[in-house]
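Hydrogens, waters and symmetry mates play no part in the numbers below; they use all other heavy atoms, side chains included.
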Amino acid sequence: MSDNVTRRRMMVDNQIRPSDVTKFPIIEAFLSIKREAFVPSENRDTAYVGEHIRIGNDRVILDPRTLAKMLDLVDVNDSELVLDVGSAFGYSAAIIAHLAEAVVALESEDKPANEMQTALTEHGIDNVIVERGLLHEGAPSHAPYDVIFIQGGIELVTDKISSQLKDGGRMVAIFMEGALGRVKIGYKLNNEICWRFGFNAAAPVLDCFRKELTFTL
């Protein structure tokens, strides 16, 4: 058994299972997908450490515990189309692809998008479409989506993203207030999204999902 296989199993046993994530498809996805293949080359030796991997510009690859709990909350099934906003080097998209019918992986930066495409191809993951574009604008050409997953902290959800969620669909995101964050799941009904608290977690706020600062005298 290779070192990375052992590390992957330890990640699941020590970070994911103790966080009350027990759904077999999610556990299987984290055991199957090689995290080291979907992170920057300089982070491959520490790919299984239980913390966010920083990739610059206030962007991170979410730590396995947070990603797994968000997936457990939103409960993706194999007939659904998922928009993964801010896929970076593709780890989240590869995990979600194990659960969904298809994933649209949206990334704004060329380098991670190119490396994500290469890694997905090399590992035979053929139900992910890599899209390049501004994260806050989503990927309207493939909408509507059953599920939208935002990979990073947010202060607000843009109208363009909300409009791409199917009525009856779900969205999951980390809402940040200062240093404190709460993961919420949103259910879209009659073109409105009702948000419910899931659990506490934090991540850097994506620039394009910040509230505008206002000043009062």
Side-chain angles (χ1 to χ4, degrees), residues 16 21 23-39 47 53 55 59-64 66-152 154 157-158 160-166 168-174 183 185-188 203 206 209:
I16 295 175
V21 178
K23 293 186 177 77
F24 177 75
I26 297 175
I27 297 296
E28 184 183 37
F30 279 89
L31 287 172
S32 300
I33 301 301
K34 298 178 179 179
R35 184 171 167 87
E36 71 276 10
F38 295 94
V39 301
I53 295 175
I55 57 174
R59 296 281 306 281
V60 298
I61 298 170
L62 294 179
D63 71 271
T66 299
L67 178 60
K69 286 179 69 66
M70 292 174 80
L71 286 167
D72 187 65
L73 189 65
V74 78
D75 197 20
V76 175
N77 67 61
D78 61 8
S79 66
E80 293 185 315
L81 174 63
V82 179
L83 173 62
D84 190 42
V85 178
S87 298
F89 291 80
Y91 182 63
S92 56
I95 291 286
I96 297 168
H98 199 86
L99 308 171
E101 181 174 9
V103 180
V104 176
L106 178 63
E107 176 51 46
S108 57
E109 302 292 332
D110 287 339
K111 184 178 186 294
N114 291 337
E115 293 194 21
M116 168 169 42
Q117 184 65 75
T118 298
L120 290 167
T121 300
E122 288 178 349
H123 290 82
I125 300 172
D126 59 5
N127 61 334
V128 177
I129 300 169
V130 177
E131 285 281 321
R132 293 169 178 78
L134 298 174
L135 302 187
H136 67 283
E137 293 189 351
S141 62
H142 302 283
Y145 300 97
D146 298 288
V147 177
I148 296 177
F149 204 123
I150 301 179
Q151 300 290 337
I154 68 171
V157 176
T158 63
K160 286 187 177 181
I161 292 287
S162 298
S163 69
Q164 293 168 37
L165 185 63
K166 182 184 296 184
R170 293 100 64 211
M171 185 185 308
V172 64
I174 304 171
V183 173
I185 181 170
Y187 298 88
K188 188 173 185 180
L206 299 167
F209 290 92

| message | With heavy-atom distances below 4.5 Å as the criterion, would you say the side chains of D146 and E101 are in contact? | response | no

| query | Would you call L62 and I174 a side-chain contact if the rule is heavy atoms closer than 4.5 Å? | reply | yes

| query | Taking the side chain as C-beta and beyond, is there a heavy-atom pair between I33 and I125 under 4.5 Å? | reply | yes

| note | Looking only at heavy atoms, the pair that brings E107 and A88 closest together is OE1-N, 2.8 Å

| request: Supply the atom-to-atom distance K111 NZ to M116 CE, rounded to the nearest 0.5 angstrom. | output: 12.0 Å

| said: Let's go through R59 and S108 carefully: what are the C-alpha distance in whole Å and the side-chain angles of both, what is the deciding distance for side chain to side chain contact (heavy atoms under 4.5 Å, CB included) to 0.1 Å, and is it a yes or a no? | reply: CA-CA 11 Å; R59 296 281 306 281; S108 57; 3.8 Å; yes

| task | For R35, enumerate each residue passing the salt bridge (charged side-chain N to carboxylate O under 4.0 Å, His left out) test, keeping only those at least two apart in sequence or located in another chain. | result | none

| message | Please check this pair: side chain of T158 against backbone of H136, looking for a donor-acceptor N/O pair closer than 3.5 Å. | response | yes

| note | Nearest heavy-atom approach of A100 to V76 is CB-CG1, 3.6 Å

| query | Relative to the ring of F38, is the ring of H123 parallel (under 30°), tilted (30 to 60°) or perpendicular (over 60°)? | reply | tilted

| Over all atoms of both residues, closest heavy-atom pair of P144 and L81 | O-CD2, 3.8 Å

| query | What are the two closest heavy atoms between A37 and A119, and how far apart are they? | reply | O-CB, 3.6 Å

| Passing option when I148 is tested against V82, I161, V172 for side-chain contact (heavy atoms from CB on, under 4.5 Å) | I161

| Any side-chain heavy-atom pair from H98 and E28 closer than 4.5 angstrom? | yes

| task | Using the salt bridge (Lys or Arg N to Asp or Glu O under 4.0 Å) rule, collect all pairs that involve residues 67-82, keeping only residues at least two apart or in two chains. | result | K23-D72, E80-R170

| request: Evaluate side chain to side chain contact (heavy atoms under 4.5 Å, CB included) for L67 paired with Y91, printing each intermediate quantity in order. | output: CA-CA 10 Å; L67 178 60; Y91 182 63; 3.8 Å; yes

| How long is the gap from CD on E109 to CD on E115, to the nearest 0.5 Å? | 12.5 Å

| remark: Taken in chain and number order and not counting sequence neighbours, the residues that satisfy side chain to side chain donor-acceptor pair (under 3.5 Å) with Q164 are none

| field | Donor-acceptor side-chain pairing of Q151 and D84 below 3.5 angstrom | value | yes

| said: If the condition is salt bridge (charged side-chain N to carboxylate O under 4.0 Å, His left out), which residues does E137 pass it with, not counting sequence neighbours? | reply: K160

| request: Answer yes or no: is there a side-chain heavy-atom contact under 4.5 Å between F209 and V157? | output: no

| remark: d(F89 CZ, T118 OG1) to nearest 0.5 Å is 11.5 Å

| field | Donor-acceptor under 3.5 Å (Y145 side chain, G169 main chain) | value | no

| field | Distance in Å, L71 CG paired with I26 CD1, rounded so as to fall on 0.5 Å steps | value | 5.5 Å

| query | What are the two closest heavy atoms between A47 and V39, and how far apart are they? | reply | CB-CG2, 4.3 Å

| For the student: nearest non-hydrogen atoms of A139 and V104, plus distance | CB-CG1, 3.9 Å

| field | Gap separating the CG atom of L165 from the CE atom of M171, nearest 0.5 angstrom | value | 5.0 Å

| field | Option among L120, T121, I96 that satisfies the side-chain contact (heavy atoms from CB on, under 4.5 Å) test with V128 | value | L120

| note | Residues at least two apart in sequence or cross-chain that pass salt bridge (charged side-chain N to carboxylate O under 4.0 Å, His left out) with E131, listed by chain then number, are none

| field | Interatomic spacing from CG in L106 to CD1 in I129 - rounded to 0.5 Å | value | 12.0 Å

| field | Which residues share a salt bridge (charged side-chain N to carboxylate O under 4.0 Å, His left out) with E36, sequence neighbours left out | value | R8

